[in-house]
Amino acid sequence: AGGVAGVCVDLILFPLDTVKTRLQSPQGFRKAGGFRGIYAGVPSTAIGSFPNAAAFFITYENVKSLLPHGSSSYLSPAAHMVAASLGEVVACLIRVPSEVVKQRAQVSPSSSTLRILSHTLYHEGVQGLYRGYKSTVLREIPFSLVQFPLWESLKDLWSWKQGHVVDSWQSAVCGAFAGGFAAVVTTPLDVAKTRIMLAKAGSRNASGNVLTALGGIWRTQGLSGLFAGVVPRMAAISLGGFIFLGTYEKTRQLLL
């Protein structure tokens, strides 16, 4: 169910993700490709989406089942936070290599995904594919700490109000709100992650230090730089939350 949801949301919203990446890139939106080659890097996403989302939900649901999370339990939000955080740590092992290749293809639309993958492996080795792992985890954990407890709480509240468990479309609405809110809050971490992944080998940002990247963005571009791409990111993740969590719930109901 998680894998199906991941493929649906990543492929449907890929153009918005490309726009967001180019807005955040060091060379700027136009030099990174503007609106040209809006699907550059999509093969990397298509391959990585299913195992990445599946790994997240396998971890999330299993950890959640081991922790107290009943609707009446005051520990419920903490259980969702722990489960989501561990889910992200596992999922990022698959997501980061896919994301590195995808983002480099998005800002170099004239190069193929395979060419970028081989170039990265030749010049940086496997380690190059995991550049930005720490920054991605540091972005995803705060995001999940906001999104998943909020999603679960909104579903519980809606279920309580109407007297029965929410339908999949209602879960999707809750997911859209939770995702959009979490997207805005964590945008500076997303910008830092993008800069680290796109940095030239040997440069300051290539070290993967998130605070260094954030400091550099703040000094050169200020607050607007830290929140570059916030509108397409919020739009993509709100829509993504609707599609991703709604599809997940619906597919899970059909399978179970």
Side-chain angles (χ1 to χ4, degrees), residues 1-14 16-17 42 45-73 75-96 98-99 136-137 139-183 186 235-256:
V4 170
V7 171
C8 287
V9 71
D10 285 345
L11 295 183
I12 291 170
L13 300 180
F14 193 87
L16 269 176
D17 183 70
V42 77
T45 295
I47 293 166
S49 285
F50 191 98
N52 157 41
F56 172 82
F57 274 111
I58 287 169
T59 309
Y60 179 71
E61 294 292 355
N62 276 292
V63 173
K64 197 171 76 168
S65 69
L66 297 172
L67 299 170
H69 65 281
S71 58
S72 61
S73 173
L75 292 173
S76 183
H80 297 143
M81 287 179 178
V82 172
S85 298
L86 290 174
E88 292 295 356
V89 170
V90 173
C92 281
L93 293 170
I94 300 165
R95 181 182 306 150
V96 171
S98 171
E99 186 97 342
T136 304
V137 170
R139 177 199 66 176
E140 294 296 350
I141 287 180
F143 181 87
S144 293
L145 288 177
V146 176
Q147 184 190 32
F148 279 87
L150 185 56
W151 176 55
E152 299 277 10
S153 298
L154 289 171
K155 286 196 300 176
D156 288 343
L157 180 62
W158 203 336
S159 298
W160 175 74
K161 284 269 188 184
Q162 66 185 7
H164 62 83
V165 176
V166 291
D167 297 324
S168 54
W169 72 267
Q170 293 170 322
S171 176
V173 171
C174 295
F177 181 83
F181 181 76
T186 58
I237 292 179
S238 291
L239 279 170
F242 183 89
I243 298 166
F244 183 58
L245 297 172
T247 304
Y248 172 68
E249 291 280 9
K250 188 65 179 177
T251 309
R252 194 171 162 213
Q253 286 171 13
L254 291 171
L255 291 172
L256 297 177

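All heavy atoms count here, side chains included; hydrogens, waters and symmetry mates do not.
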key: Val82 and Leu86: CA distance, side-chain angles, deciding distance, side-chain contact (heavy atoms from CB on, under 4.5 Å) verdict   = CA-CA 6 Å; Val82 172; Leu86 290 174; 4.1 Å; yes
Exercise: identify the closest heavy-atom pair between Ser144 and Pro149 = O-CD, 3.2 Å
Exercise answer: donor-acceptor pairs, residues 165-179 side-chain atoms, under 3.5 Å, sequence neighbours excluded:
from   : atom 1 : to     : atom 2 : distance (Å)
Gln170 : OE1    : Gln162 : NE2    : 3.0
Gln170 : OE1    : Asp167 : N      : 2.7
Gln170 : NE2    : Gln162 : OE1    : 2.9
Ser171 : OG     : Trp151 : NE1    : 3.3

remark   = Between the CG atom in Leu11 and the CD1 atom in Ile243, the distance rounded to the nearest 0.5 Å is 10.5 Å
ask   = What pair of heavy atoms forms the shortest contact from Leu13 to Ala236, and how long is it?
value = CD1-O, 2.9 Å
key: Leu145 vs Ser85 side-chain heavy atoms within contact, under 4.5 Å   = yes
Side chain to side chain donor-acceptor pair (under 3.5 Å) against Arg95, all qualifying residues, sequence neighbours excluded = Asn52, Glu88, Glu140
Set of ring-ring contact (aromatic ring centres under 6.0 Å, His included) partners for Tyr60, sequence neighbours left out = Phe56, Phe148
query = For the residue pair Phe14 and Thr45, what are the closest heavy atoms and their distance?
reply = CE1-OG1, 3.2 Å
task = Kindly write out the residues that satisfy salt bridge (Lys or Arg N to Asp or Glu O under 4.0 Å) with Lys155, not counting sequence neighbours, or none if the list is empty.
result = Glu152, Glu249
note = Taken in chain and number order and not counting sequence neighbours, the residues that satisfy side chain to side chain donor-acceptor pair (under 3.5 Å) with Ser49 are Asp10
message = Could you measure the distance from the CD1 atom of Ile94 to the CZ atom of Phe50? Nearest 0.5 Å is fine.
response = 11.0 Å
remark   = Contacts of Thr186 meeting side chain to side chain contact (heavy atoms under 4.5 Å, CB included) (sequence neighbours excluded), chain-then-number -> Pro142, Phe143, Arg233
request  = Drop me the distance from Asp17's CG to Ile237's CD1, to the nearest 0.5 angstrom.
outcome  = 8.5 Å
query = Closest heavy-atom contact between Leu150 and Phe181?
reply = CD2-CD2, 4.2 Å
key: side chain to side chain contact (heavy atoms under 4.5 Å, CB included) against Val96, all qualifying residues, sequence neighbours excluded   = Cys92, Val100, Tyr130, Tyr133, Thr136, Met197
request  = Enter the distance from Trp160:CH2 to Asp156:CG here, rounded to the nearest 0.5 Å.
outcome  = 12.0 Å
request  = Please identify each residue that fulfils side chain to side chain donor-acceptor pair (under 3.5 Å) with Thr251, with sequence neighbours left out.
outcome  = none
query = So, for Ala91 and Ala55, which heavy atoms are closest and what is the spacing to 0.1 Å?
reply = CA-CB, 4.3 Å
task = If a pair satisfies side chain to side chain donor-acceptor pair (under 3.5 Å) and one of its residues is in residues 237-248, list it, with sequence neighbours excluded.
result = Glu61-Tyr248
